[in-house]
Amino acid sequence: SQTIHQWPATLVQPVGSPLSLECTVEGTSNPNLYWYRQAAGRGLQLLFYSVGIGQISSEVPQNLSASRPQDRQFILSSKKLLLSDSGFYLCAWGRGTQTEAFFGQGTRLTVV
Amino acid sequence: AQSVSQHNHHVILSEAASLELGCNYSYGGTVNLFWYVQYPGQHLQLLLKYFSGDPLVKGIKGFEAEFIKSKFSFNLRKPSVQWSDTAEYFCSYSSASKIIFGSGTRLSIRP
């Protein structure tokens, strides 16, 4: 069966520090991978998605970037965090073009 | 831009009342439509999905949704809600590998 791992679960970082959140999927090959930010009253905002290694589509211009160095690995990064980057980040995977999303456990990021 | 709109941000119902949550999407091409539920403190889980065929889709826990192409809508319904349906509900669509969610509707059920 397929599983998705996302870490860390919680993270407190100072303003201006770098960020790296990692997500890996097991049990499937060539998944579509997604990063979302969930905020109260705003639902899940799609940040990035990837349909293959090295292929990243950015949905919202911001202080974050994403990379997919391996087939089942998706990384969310920032060079310098802002206070406004605080939030709950979710990684997800899906299959093909007709796909539902399967979510990781999420990371609660607090920038102080 | 592609988007999903959920106009009801917070719905409060009594047990046994009927439920309808609205969902409209903006994309004019082929879409696959979903409803997810997030119970307090838990992950999102899939309630139901529509790819093609019968526009009335039945999901888990007595939920159903109707796809109306002419209205770009995919409303969620349940004839009689229970206290355990208290949760946040998200409408979503996928098209060409992109998966987009609405802002969610919080459902509170009075016992």
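What you see below is based on every heavy atom in this structure, not just the backbone, and it leaves out hydrogens, waters and symmetry mates. Quick note on labels: first sequence line is chain A, next is B, and so on, each numbered from 1.
- Both B:Y89 and B:I109 are assigned to one and the same hydrophobic cluster, defined by single-linkage of ILVMFWY side chains at heavy-atom distances under 4.5 Å.
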Chi angles and distances behind the side-chain contact (heavy atoms from CB on, under 4.5 Å) call for A:Y49, B:I99: CA-CA 9 Å; A:Y49 69 100; B:I99 305 176; over 6 Å; no
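- Between B:S97 and A:G96, the shortest heavy-atom distance links the atoms OG-O, 3.5 Å.
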Pair A:F102-B:Q45, side-chain contact (heavy atoms from CB on, under 4.5 Å): steps then yes or no: CA-CA 8 Å; A:F102 301 92; B:Q45 57 182 280; over 6 Å; no
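- Under the 4.5 Å side-chain contact rule for hydrophobic residues, A:L21 and A:F48 share a cluster.
- When atom types are taken as modelled, the side chain of B:Y36 and the backbone of A:A101 share a donor-acceptor pair closer than 3.5 angstrom.
- By the rule that hydrophobic residues join a cluster once side-chain heavy atoms approach within less than 4.5 Å of another member, A:V111 and A:F88 end up as members of separate clusters.
- Heavy atoms only, all atoms of each residue included: B:L44 and A:L90 are closest at CD1-CD1, 4.4 Å.
- Interface residue B:Q38: only side-chain heavy atoms are found under 4.5 Å from chain A.
- Taken together through direct or relayed side-chain contacts under 4.5 Å among Ile, Leu, Val, Met, Phe, Trp and Tyr, A:I4 and B:L46 form parts of separate hydrophobic clusters.
- When heavy atoms are compared at a cutoff of 4.5 Å, A:L46 approaches chain B solely by way of its side chain, counted from C-beta outward.
- Both the backbone and the side chain of A:Q105 come within less than 4.5 Å of a heavy atom of chain B.
- Open room surrounds CH2 on B:W83; 12 or fewer heavy atoms of other groups in view lie less than 6.0 Å from it.
- For A:F103 and B:F101, the ring centers are positioned less than 6.0 Å apart.
- The hydrophobic clustering, which links ILVMFWY residues whose side-chain heavy atoms are closer than 4.5 Å, places A:F74 and A:Y36 apart.
- Counting heavy-atom pairs closer than 4.5 Å to chain A, the top residue among B:H10, B:H9, B:K98, B:Q6 is B:K98.
- Between A:E100 and B:F34, the shortest heavy-atom distance links the atoms CB-CE2, 3.5 Å.
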